[in-house]
Amino acid sequence: MIQLNSRALSVATQKHLQKVRQRIDAKPDFANQASKAQSEWNSKSGSVTKAAVFSEIKEKLISMCVGVEVCNYCENNEATDIEHIYPKSFSPERAFRWENYLLSCSTCNSKHKLDRFAIFDPNLFDPFFEIPRGSGKPANDDGVMINPRVENPLEFFWLDIENRTFILNPQLSLDSRGTKRAEYTLKLLGLNDRETLRTARKSAASYYIDRLERYVKVKEATTMQSLEAIAPEPLFVNTTLPFPEEQERIKAALQNDIRQYSHPTVWQELKRQRAQLPKTNGYFKRAPEALEW
Ligand SMILES: [Zn+2]
């Protein structure tokens, strides 16, 4: 999970969302607001105008996705669902707020996160509380889950690459509140509990390192023959082109492979933890431009 680069909505779409929010706010109490938010959501594409609004929202969210349309929580599956970071049942006022949306896969949305929501409540002995469904308006909106629209999850987690467990751990430097936020988010989204994700992160690390190594070798190549030996299939070298042109094309293709691959958290962590990874660190030294990718 990495922070998303937010994009702006058109004025027309912002106005549409504002009108829907006003209809929800106009309801007399929390229960009615929550049920209005749900019915507005169910009919959000119910007319040509509404469909255009949500088509723009979906398109913008796709362009903000990490990797190629990959879920912003697990980074493993296709991002299909418009997900409310604050669930609409607990936060109807945010049901039509742009800042509350991201794209997730249906597994993360429907099997893990659902509409679970925890807050920090200073009135409770344990100030950490997942609110039971249907319990009405939360005492506050001090959400526990890390919000990747406005926060950098990598300030809360680190990925264990060195011991090859590929488990995400809370940062040791966090205070107790930060640690609870990290632990809750990992548990809520099942980011460590799903073995598939840990295995996929491990494979992603090998892939990224392979592409980086090839990039370094292409960068340092001096003959067309060595380019042919390094370029991975199905990326074929066109020997009829001038060498510098072909070298740049292969470099760009390898950079693109890295930029578009799923599990960008793994790439970010390879960069951040490179001092502990001598081989990878060596590649970054030979191609420091890759630290900007
Ligand atoms: Zn997912």
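In each ligand, atom 1 is the first atom listed, and ligand 1 is the first ligand listed. Only heavy atoms go into these numbers, but all of them, side chains included; no hydrogens, no water, no symmetry mates. Computed from a prediction, not measured in an experiment: that's the story for all the values here.
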Please round to the nearest 0.5 Å and tell me the distance separating atom CG of Leu168 and atom OG1 of Thr265.
6.5 Å

When rounded to the nearest 0.5 angstrom, what distance separates CH2 in Trp293 from CG in Leu212?
7.0 Å

For the ring pair Phe166 and Trp158, is the centre-to-centre distance below 6.0 Å?
no

is_close_aromatic(Trp41, Phe54), centroid dist under 6.0 Å
yes

Under-2.8 Å protein N/O/S neighbours of the Zn ion (ligand 1), ordered by chain then residue number:
Cys71 SG, Cys74 SG, Cys105 SG, Cys108 SG

Does anything in residues 14-27 form a side-chain hydrogen bond (donor to acceptor under 3.5 Å, both in side chains)? List the pairs, not counting sequence neighbours.
Arg23-Glu40

Assess Arg211 against Tyr261: is NZ or CZ under 6.0 Å from the centre of the six-membered ring, and within 45 degrees of the ring's axis?
no

